[in-house]
Participant: 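This structure is in structure tokens; I'll ask about it shortly.
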4 protein chains.
Amino acid sequence: MSAKSDPSGGAPDAPPTDTQRRILAAALDLFADRGYAATSTAAIASRAAVAEKTIFANFTSKERLFDQILQPAVLDLLLPRALGGVRETLAKPWTSLPAFLGALMRNRMEFVRDNPAKLKLIAQAVILHPEIFARFAAIFREQLEPRVESLLAELEARGELRAIPRASLMRIVLSVTAGYMLARFVLRPGSEWDDEAELATMIDVLVNGLKPSAREP
Amino acid sequence: MSAKSDPSGGAPDAPPTDTQRRILAAALDLFADRGYAATSTAAIASRAAVAEKTIFANFTSKERLFDQILQPAVLDLLLPRALGGVRETLAKPWTSLPAFLGALMRNRMEFVRDNPAKLKLIAQAVILHPEIFARFAAIFREQLEPRVESLLAELEARGELRAIPRASLMRIVLSVTAGYMLARFVLRPGSEWDDEAELATMIDVLVNGLKPSAREP
Amino acid sequence: MSAKSDPSGGAPDAPPTDTQRRILAAALDLFADRGYAATSTAAIASRAAVAEKTIFANFTSKERLFDQILQPAVLDLLLPRALGGVRETLAKPWTSLPAFLGALMRNRMEFVRDNPAKLKLIAQAVILHPEIFARFAAIFREQLEPRVESLLAELEARGELRAIPRASLMRIVLSVTAGYMLARFVLRPGSEWDDEAELATMIDVLVNGLKPSAREP
Amino acid sequence: MSAKSDPSGGAPDAPPTDTQRRILAAALDLFADRGYAATSTAAIASRAAVAEKTIFANFTSKERLFDQILQPAVLDLLLPRALGGVRETLAKPWTSLPAFLGALMRNRMEFVRDNPAKLKLIAQAVILHPEIFARFAAIFREQLEPRVESLLAELEARGELRAIPRASLMRIVLSVTAGYMLARFVLRPGSEWDDEAELATMIDVLVNGLKPSAREP
DNA sequence: GATGAATGAGTCTTCATTCAT
DNA sequence: AATGAATGAAGACTCATTCAT
């Protein structure tokens with residue numbers, strides 16, 4: 001028997017072929033635009049300019065194709081590989097909360113600006129499938145939480161943070177950030193936005209909101 | 001003239017029949033759970049215990065059925081009809097920002113606690129179809145913004161608000177609120193949540209974040 | 001038990017009620033326009049301005065409704081009840097073939113002019129269901145053929161008819177007549193037609209074509 | 001570019017595949033027998049022994065499938081491609097009206113004898129959709145009328161034709177011919193028919209009916 | 001006598017997926 | 001490695017018909 005072409009087998013992280021890249025790009029756009037269920041494999045094939053069968057030859061099933069798009073997208077958003085990403089941001093010796101928030105938001109904004117479809121895709125997936133959220137929350141806990149925790153501890157020690165449950169604190173920061181990104185890139189992408197001013201405002205509000213109140217010196 | 005049963009015609013707000021209520025309830029649950037595209041009319045019919053045709057006899061098409069669920073859901077969320085709703089909250093002579101935020105969040109939390117499916121539905125719809133968001137943003141602007149504006153003006157006059165663009169301010173408050181609701185009722189509905197503590201934290205952060213900073217007295 | 005309303009029972013030829021007339025008229029138009037299979041009972045009900053159920057209350061089934069339209073239409077075309085109809089035409093002591101053909105064609109033309117939908121309906125029915133044609137051919141044979149036969153015999157005796165098989169002769173006359181009516185009222189109803197000239201031409205051709213040829217005096 | 005199988009695109013007259021031929025044959029039979037609306041794509045698929053989807057993969061929609069059957073059928077009837085077809089008949093230097101009519105009728109009779117379903121299909125289509133008739137009348141006018149015209153002119157010059165409007169003349173000849181074919185192959189296909197005798201009779205009647213009458217020598 | 005509301009079986013069409021090449 | 005052609009199951013939606021009123 002000839003060696004079967006075994007998709008998704010072999011080297012688990014072989015770089016995608018050109019065909020695969022075209023399919024992944026087409027699928028990302030369509031999934032993000034219409035949602036998973038409303039996107040037909042025929043539409044993906046047509047946009048990628050390949051035969052429908054080629055999709056299945058390379059990704060086995062529509063669902064696996066989706067996973068192979070979603071997973072990297074989430075990792076990119078949480079654990080970017082590029083220099084200056086979140087881990088690098090977290091690793092730097094931040095001297096102040098506003099500096100840290102600014103670096104974090106700016107960095108993630110750049111990513112989303114270049115990949116709005118990924119944000120849209122993740123937002124949909126997470127709302128429809130909370131178990132996906134759980135999976136990626138676990139990644140966050142394992143990979144990022146310790147660093148975040150030590151950073152917060154240091155900031156707290158410096159008197160820049162009030163005593164707030166960590167989970168609530170992080171959720172609030174995330175909400176404000178994600179809220180802006182969604183409005184900016186998904187809900188009203190056509191409007192005019194002054195990113196710098198908005199960032200400054202958000203950082204200002206968060207820094208003031210999170211610092212110890214005047215009464216508890 | 002024949003008195004055909006004329007779905008969606010006639011009196012535009014005739015109270016729904018029992019059959020219609022069953023269909024609407026089934027469809028809301030399924031649309032929220034699986035998304036519009038992944039929900040078949042057959043599944044709705046089966047859950048509502050009616051014939052599939054009955055759905056079309058009453059709502060003309062799947063899309064119109066969806067609209068007849070989404071529209072009231074959004075209105076309920078934005079402009080609740082029940083006493084103590086947003087408009088009443090806005091109308092009261094609030095003496096302080098924390099009191100106002102607390103009333104607002106608590107009121108909307110109760111609504112979402114009773115109708116998590118509506119939140120889930122709206123979140124999906126708004127991400128997939130920004131034009132829907134635009135439609136409802138318009139409702140907000142027309143119905144609520146003036147009251148919010150005057151309220152904020154008053155709070156500002158009392159020294160409880162920093163000079164922040166209104167849109168940014170409202171987006172931040174909304175982000176924090178919606179972020180909590182999504183986490184609480186959509187992403188991790190099974191976890192234990194201490195609503196009172198979370199509310200207190202959010203209000204605290206927002207109030208401090210929004211009040212004039214110590215340096216600008 | 002109460003007396004059931006027994007549609008199509010009771011007096012077999014009770015005059016139709018107003019409701020029934022409306023339904024029959026609507027159904028005739030739609031059947032003629034779109035064909036039997038493409039006409040829904042819903043469309044008939046809507047055009048007749050009655051509830052769909054009323055159709056079934058009065059005519060039992062779509063098929064019976066169709067029959068109750070087709071049957072009279074055929075009888076009207078073959079055996080008109082009005083004065084001056086085919087039987088009267090046949091009964092008169094015709095002195096010549098052209099006079100007879102002229103009277104016949106003119107009379108049937110008037111009928112079709114007033115009832116083009118009936119011709120269209122019959123044409124469709126007869127092509128799709130030859131057994132219907134057979135049924136009505138039988139009516140013709142029983143009711144009309146004897147008279148036609150004696151008329152033809154007389155014309156033959158007078159030297160106006162060649163010796164041609166009766167069936168062929170009648171088919172040719174019918175073909176020419178029906179061909180004109182179809183073109184005139186079904187295929188190109190919008191065009192301008194000079195009925196008198198066309199009739200004259202057809203009669204002329206038929207009379208010459210059917211009379212004994214010069215060589216056989 | 002992807003090489004999608006592009007139904008009805010690409011080379012517009014690519015020879016049909018075997019699958020397509022089976023579908024076309026099945027559809028022709030069923031459409032002719034039951035009419036377009038009463039023929040389900042499921043029935044066609046079952047008779048052609050293919051999956052229903054295969055029909056749509058090859059013909060896009062039921063309506064286009066119908067068109068791809070009707071159009072060639074009409075062209076075959078009007079403009080046969082085979083040798084000895086209408087155009088060849090028209091091209092020959094006919095020495096007499098009876099010879100011409102005989103050749104024409106015989107030729108078209110053979111075609112219909114081999115393809116009665118096509119005649120049935122065309123008859124239905126033309127009655128239900130006069131605009132289809134108009135389309136094909138145009139083809140006739142463009143492709144055949146000039147030749148017919150010159151032929152008739154020549155016959156007229158030879159004294160074989162009376163001065164009759166061309167349109168009426170052609171309609172009468174067509175009516176007689178089509179009338180026979182319908183009776184012969186559609187209405188009473190089971191009966192015994194003596195084609196030669198019938199043809200002779202029709203030609204005789206037409207020739208005598210169309211030649212200058214004795215009185216106008 | 002007529003209806004409003006409902007239905008199971010069926011409509012055309014599309015789905016994700018597979019086989020032979 | 002990619003495809004063209006095919007498919008069974010399912011999609012939204014319509015059909016002729018019936019029940020309770």
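So you know, we letter chains A, B, ... as the sequences are listed, proteins then strands, and number each from 1.
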Participant: Of all heavy-atom pairs between B:Ala26 and B:Ile44, which one has the smallest distance, and what is that distance?
Facilitator: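 Where B:Ala26 meets B:Ile44 most closely, the heavy atoms are CB-O, 3.9 Å.
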Participant: Hey, are the side chains of C:Gln124 and C:His129 touching, using non-hydrogen atoms and a 4.5 Å cut-off?
Facilitator: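 No - every pair of side-chain heavy atoms lies 4.5 Å or more apart.
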Participant: Look at B:Asn58 and E:dG4 and indicate whether a side-chain polar atom (N or O) is within less than 4.0 Å of OP1 or OP2.
Facilitator: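 No, outside the criterion.
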Participant: Could you state the CZ-P distance from B:Arg22 to E:dA5, rounded to the nearest angstrom?
Facilitator: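 Interatomic distance, CZ of B:Arg22 to P of E:dA5: 14 Å.
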Participant: Hey, are the side chains of B:Leu70 and B:Ile132 touching, using non-hydrogen atoms and a 4.5 Å cut-off?
Facilitator: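 Yes, side chains in contact.
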Participant: Classify C:Thr17 by what it touches in the nucleic acid, base, sugar-phosphate, or nothing, heavy-atom distance under 4.0 Å.
Facilitator: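 No contact at all - C:Thr17 keeps every heavy atom at 4.0 Å or more from the nucleic acid.
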Participant: Looking only at non-hydrogen atoms, find the nearest pair between B:Val186 and A:Pro130 and report the distance.
Facilitator: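 Heavy atoms only, the tightest pair is O-CG, 3.3 Å.
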Participant: Flag the pair A:Asn115 / A:Asp76 as yes when at least one side-chain heavy-atom distance between them is below 4.5 Å, and no otherwise.
Facilitator: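 Side chain of A:Asn115 against side chain of A:Asp76, heavy atoms only: no contact under 4.5 Å found.
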Participant: Nearest-Å distance, CZ (C:Phe59) to C1' (E:dA2)?
Facilitator: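 Distance check: C:Phe59 CZ to E:dA2 C1' gives 14 Å.
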Participant: Given atom CZ of D:Phe66 and atom C1' of E:dC12, what is their separation to the nearest angstrom?
Facilitator: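 For the pair D:Phe66 CZ and E:dC12 C1', the rounded distance is 16 Å.
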Participant: Could you tell me how far apart D:Ile44 (CD1) and F:dA6 (C1') are, to the nearest whole angstrom?
Facilitator: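 From D:Ile44 CD1 to F:dA6 C1': 18 Å.
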Participant: Quick one: C:Ile55 CD1 to E:dT3 P, roughly how many Å, whole number?
Facilitator: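 To the nearest whole Å, that distance equals 10 Å.
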Participant: Given pairs defined as Watson-Crick or G-U wobble with both distances under 3.5 Å, what dot-bracket annotation applies to DNA chain F, with ( ) intrastrand, [ ] crossing, | other strand and . unpaired?
Facilitator: .||||||||||||||||||||
Participant: Sugar-phosphate atoms are those with a prime plus P, OP1 and OP2; base atoms are the rest. Using that split, label each nucleotide of nucleotides 15-21 of chain F B, S or - for protein heavy atoms under 4.0 Å, 5' to 3'.
Facilitator: BBBBB--
Participant: Closest approach of A:Leu128 and B:Asp33, non-hydrogen atoms and distance?
Facilitator: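 A:Leu128 and B:Asp33 have their closest heavy atoms at CD2-O, 3.6 Å.
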Participant: Counting only heavy atoms from other residues, nucleotides and ligands, does the tally under 6.0 Å from CD of D:Glu63 exceed 12?
Facilitator: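 Counting other residues, nucleotides and ligands, CD of D:Glu63 stays at 12 neighbours or fewer.
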Participant: Between atom CZ in D:Arg34 and atom P in E:dG10, what is the gap in whole Å?
Facilitator: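 So the CZ-P distance, D:Arg34 to E:dG10, works out to 13 Å.
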Participant: Examine E:dG1: is either OP1 or OP2 under 4.0 Å from a nitrogen or oxygen in the side chain of C:Thr54? Give yes or no.
Facilitator: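 Negative; the distance criterion is not met.
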Participant: Is the shortest heavy-atom distance from the side chain of C:Leu121 to the side chain of C:Phe66 under 4.5 Å?
Facilitator: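 They are in side-chain contact.
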Participant: Take the protein atom CZ of D:Arg64 and the nucleotide atom P of E:dC12, then report the distance between them rounded to whole Å.
Facilitator: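 To the nearest whole Å, that distance equals 17 Å.
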Participant: Evaluate the side-chain proximity of B:Leu24 to B:Phe59: yes if any heavy-atom separation is below 4.5 Å, no if none is.
Facilitator: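 Contact flag for B:Phe59/B:Leu24 side chains = yes.
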